[in-house]
*Asks:* 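Here it is, the structure, as structure tokens.
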Amino acid sequence: MPSLQKTSPPRDPVVRPTHADDVAARSSELIGGPAGRRAAPGRGWLTPVRTVVLVTLGMYALGMVQKLPCYNWAWFQGSTSQYTHACYSDIPHLFSGRGFAEGLVPYFDRIGGDIPFLEYPVLTGLFMEVAAWLTPDGADLTGRQQTYWMVNAGLLMVCAAVLAVCVARTHRTRPWDGLLVALAPAFALTATINWDLLAVALTAAAMLLWSRSRPFGAGVLLGLATAAKFYPALLLLPLFLLCWRAGRLRAFGTTVLGAAGAWLLVNLPVMLTAPEGWRQFYVFSTERNVDYGSVWLLISQNTGNPIPPDTANRWALLLMLLAALGLAYLTLTAPRRPRFAQLAFLVVAAFVLVNKVYSPQYVLWLIPLAALARPRWRDFLVWQACEVLYFLAIWLYLAYGASGNKQGLPTDGYQFAIVLHVLGTLWLCALVVRDILEPGRDDVRRGGVDDPSGGVLDGAADAFVAGRAARPGLPAEPDGQAPRVEWGVPEK
């Protein structure tokens with residue numbers, strides 16, 4: 001039975017990545033090498049959290065620079081320029097395409113085209129509308145689209161800063177893991193494609209509050225995040241499973257209460273006054289055809305048989321149910337209770353893999369979860385390389401289909417990029433599962449802690465276990481593979 005006794009914190013509790021990670025140590029030679037024995041981290045103005053925020057904002061700014069060819073002309077001229085420059089963004093196109101340029105009110109006013117109302121959740125729609133209010137009238141449409149993108153980029157930069165702070169502070173002794181988010185290439189490339197950073201930042205803030213044993217506040221932020229994007233609701237599943245195993249279902253109920261209340265507070269006014277417009281997000285998600293980046297598109301293209309939306313929905317739901325059952329089995333039978341961030345990453349990754357579409361910006365959902373679930377630079381960068389290649393492939397594939405001379409990436413090349421994205425995500429999932437089954441391999445736990453993102457779960461005794469976890473005295477990991485680490489016993 002693992003020891004639950006907590007020891008006094010070590011003299012220097014902050015884990016230095018240049019001491020704990022070989023890739024970080026070698027990379028640090030560019031700035032003078034690993035931190036020395038006399039280094040005093042956390043003293044002075046430039047604390048680890050502030051450093052992470054500054055690096056995040058710097059990378060975000062580089063991502064904005066990468067969009068300059070489109071900002072200057074490619075969004076507005078030619079059919080393929082925004083694809084060949086890999087700088088596409090939904091933001092300027094939806095400014096005119098969803099009625100914001102004409103002053104239409106989302107969910108209440110009909111818009112032209114195949115989609116009668118705005119197809120985004122309510123909080124994201126409010127974010128879009130606020131940015132439209134901040135976009136001045138008077139200029140030509142192109143100038144207003146440029147301003148609208150810039151306003152949104154400024155607001156999303158605030159979300160990026162919040163995300164950096166929350167990830168850096170979730171694991172108290174590992175603030176430098178936030179650099180995984182800050183330096184993620186896919187973060188810089190996709191941050192301003194759409195409005196996903198709003199939900200990502202709210203989700204990270206919810207996880208921070210949960211780690212501080214504030215279940216109601218965490219639930220409120222999780223409800224707001226779900227009002228901006230659907231995927232944050234998935235985090236309730238790992239919370240339920242972990243609270244079940246730890247006998248902390250009251251804390252879970254408090255979180256659900258906060259989440260439901262916050263979600264209703266945002267949605268109910270629109271639900272009651274503009275029900276048809278409010279339903280558009282759910283109707284669109286249900287009726288949407290199999291689209292770019294999904295395994296369903298891969299199957300459809302290789303078989304020559306288009307997959308109807310209803311069929312894809314049923315299979316995706318079935319696969320998610322199987323993933324949920326697998327997650328429950330893993331949670332209840334693991335030798336030690338998994339960490340919250342590990343299960344959060346696994347459930348969102350499963351949703352991404354079975355979804356009918358994989359837009360390039362969806363990688364933002366996984367980046368902070370991956371940084372908290374498995375903070376290893378080599379593995380993180382290998383996965384990021386797969387995502388960057390997919391990012392380039394989707395635009396070149398769209399250029400190939402839109403150009404008359406077929407310049408770009410043909411179907412076979414794009415299918416290879418989809419496979420690479422899927423395999424990269426599955427590979428990272430496999431590593432997280434291995435860490436759960438063999439806790440001695442988990443870098444976060446090697447310092448003798450249980451679950452720094454677990455809040456009320458951190459160090460709690462198990463109330464219900466099954467399978468292997470229910471058999472006392474069984475080693476947590478095979479001999480000779482990794483050092484065994486007990487909760488509350490620092491690594492020697």
Side-chain angles (χ1 to χ4, degrees), residues 9-10 12-28 31 34-35 39 41-42 46-60 160-188 200-201 203-212 338-346 348-349 363-384 387 428 431-432 435-436 439 441-455 458 485 490-491:
D12 181 11
V14 174
V15 176
R16 303 179 186 180
T18 54
H19 293 181
D21 191 289
D22 292 339
V23 173
R26 289 194 293 268
S27 301
S28 69
I31 54 173
L46 203 59
T47 62
V49 174
R50 289 173 180 168
T51 302
V52 168
V53 172
L54 290 175
V55 174
T56 300
L57 296 180
M59 287 294 289
Y60 185 92
V162 171
L163 171 65
V165 170
C166 292
V167 174
R169 296 186 63 189
T170 296
H171 292 170
R172 293 178 185 269
T173 63
R174 302 183 63 93
W176 293 110
D177 290 344
L179 284 178
L180 289 163
V181 176
L183 294 174
F187 164 77
V200 173
T203 304
M207 294 185 70
L208 174 61
L209 283 192
W210 178 266
S211 74
R212 298 298 189 261
R339 293 189 290 110
F340 174 38
Q342 292 173 319
L343 295 187
F345 172 79
L346 291 176
V348 176
V363 70
L364 293 171
W365 306 356
L366 290 173
I367 286 175
L369 300 178
L372 295 172
R374 185 171 173 79
R376 294 291 295 178
W377 279 93
R378 184 204 63 179
D379 304 327
F380 187 86
L381 292 176
V382 169
W383 170 62
Q384 280 291 288
E387 294 298 328
L428 197 57
L431 293 177
V432 172
D435 287 348
I436 292 173
R441 293 182 180 273
D442 186 356
D443 284 354
V444 175
R445 281 180 160 163
R446 287 193 178 186
V449 298
D450 175 24
D451 183 3
S453 63
D458 187 23
V485 180
E491 183 182 22

*Asks:* Considering only heavy atoms from C-beta outward, does the side chain of M59 approach that of T56 to under 4.5 Å?
*Replies:*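 No - every pair of side-chain heavy atoms lies 4.5 Å or more apart.
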
*Asks:* First locate atom CG of L366, then atom CG of L346, and finally report the distance between them rounded to the nearest 0.5 Å.
*Replies:*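 Here the interatomic distance stands at 10.0 Å.
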
*Asks:* Supply the atom-to-atom distance D458 CG to S211 OG, rounded to the nearest 0.5 angstrom.
*Replies:*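 One finds 9.5 Å between CG of D458 and OG of S211.
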
*Asks:* Hey, what do you get for OG (S453) to CZ (R172), rounding to the nearest 0.5 Å?
*Replies:*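 Separation between the atoms: 12.0 Å.
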
*Asks:* With D451, which residues qualify under salt bridge (Lys or Arg N to Asp or Glu O under 4.0 Å), at least two apart?
*Replies:*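 With neighbours one apart ignored, the set is empty.
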
*Asks:* Find out whether M207 and V167 are in side-chain contact, i.e. whether some heavy atom of one side chain is under 4.5 Å from a heavy atom of the other.
*Replies:*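 A side-chain contact is absent here, since even the closest heavy-atom pair is not under 4.5 Å.
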
*Asks:* For a 4.5 angstrom cut-off between non-hydrogen side-chain atoms, does P452 reach R174?
*Replies:*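 No, side chains not in contact.
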
*Asks:* Is it true that, when you exclude R169 itself, more than 12 heavy atoms of the residues, nucleotides or ligands shown sit nearer than 6.0 Å to its CZ?
*Replies:*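 Open.
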
*Asks:* What's the verdict on side chain to side chain contact (heavy atoms under 4.5 Å, CB included) for I367 and Q384, showing C-alpha distance, side-chain angles and the deciding distance?
*Replies:* CA-CA 9 Å; I367 286 175; Q384 280 291 288; 3.8 Å; yes

*Asks:* Can you spot which of R374, R339, R376 makes a side-chain hydrogen bond (donor to acceptor under 3.5 Å, both in side chains) with D435?
*Replies:*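 The passing option is R374.
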
*Asks:* Any heavy-atom pair between the side chains of P368 and L163 that's under 4.5 Å?
*Replies:*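 Yes. Closest side-chain heavy atoms under 4.5 Å.
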
*Asks:* State, yes or no, whether a side-chain contact exists between F380 and V181 at a heavy-atom distance under 4.5 Å.
*Replies:*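 Contact flag for F380/V181 side chains = no.
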
*Asks:* Should V52 and P175 count as side-chain neighbours, where that means a heavy-atom distance under 4.5 Å?
*Replies:*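 No - every pair of side-chain heavy atoms lies 4.5 Å or more apart.
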
*Asks:* Could you tell me which non-hydrogen atom of L180 sits nearest to which non-hydrogen atom of P375, and how far apart they are?
*Replies:*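 Nearest heavy atoms, L180 then P375: CD1-CA, 3.6 Å.
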
*Asks:* Evaluate the ring planes of Y60 and F187, with Trp represented by its six-membered ring, and classify them as parallel (under 30°), tilted (30 to 60°) or perpendicular (over 60°).
*Replies:*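 The rings of Y60 and F187 sit tilted, inter-plane angle from 30° to 60°.
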
*Asks:* How long is the span from the CH2 atom in W377 to the CG atom in L183, to the nearest 0.5 Å?
*Replies:*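 These two atoms lie 4.5 Å from each other.
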
*Asks:* Find the distance between CG (L428) and CD (E387) and round it off to the nearest 0.5 Å.
*Replies:*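 The distance works out to 9.5 Å.
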
*Asks:* Quick check for you: to the nearest 0.5 Å, what is the distance between T51 atom OG1 and L46 atom CG?
*Replies:*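 T51 atom OG1 to L46 atom CG measures 3.5 Å (nearest 0.5 Å).
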
*Asks:* Do you know which two heavy atoms are closest between A161 and L57, and how far apart they sit?
*Replies:*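 Minimum heavy-atom separation between A161 and L57: CB-CD2, 4.2 Å.
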
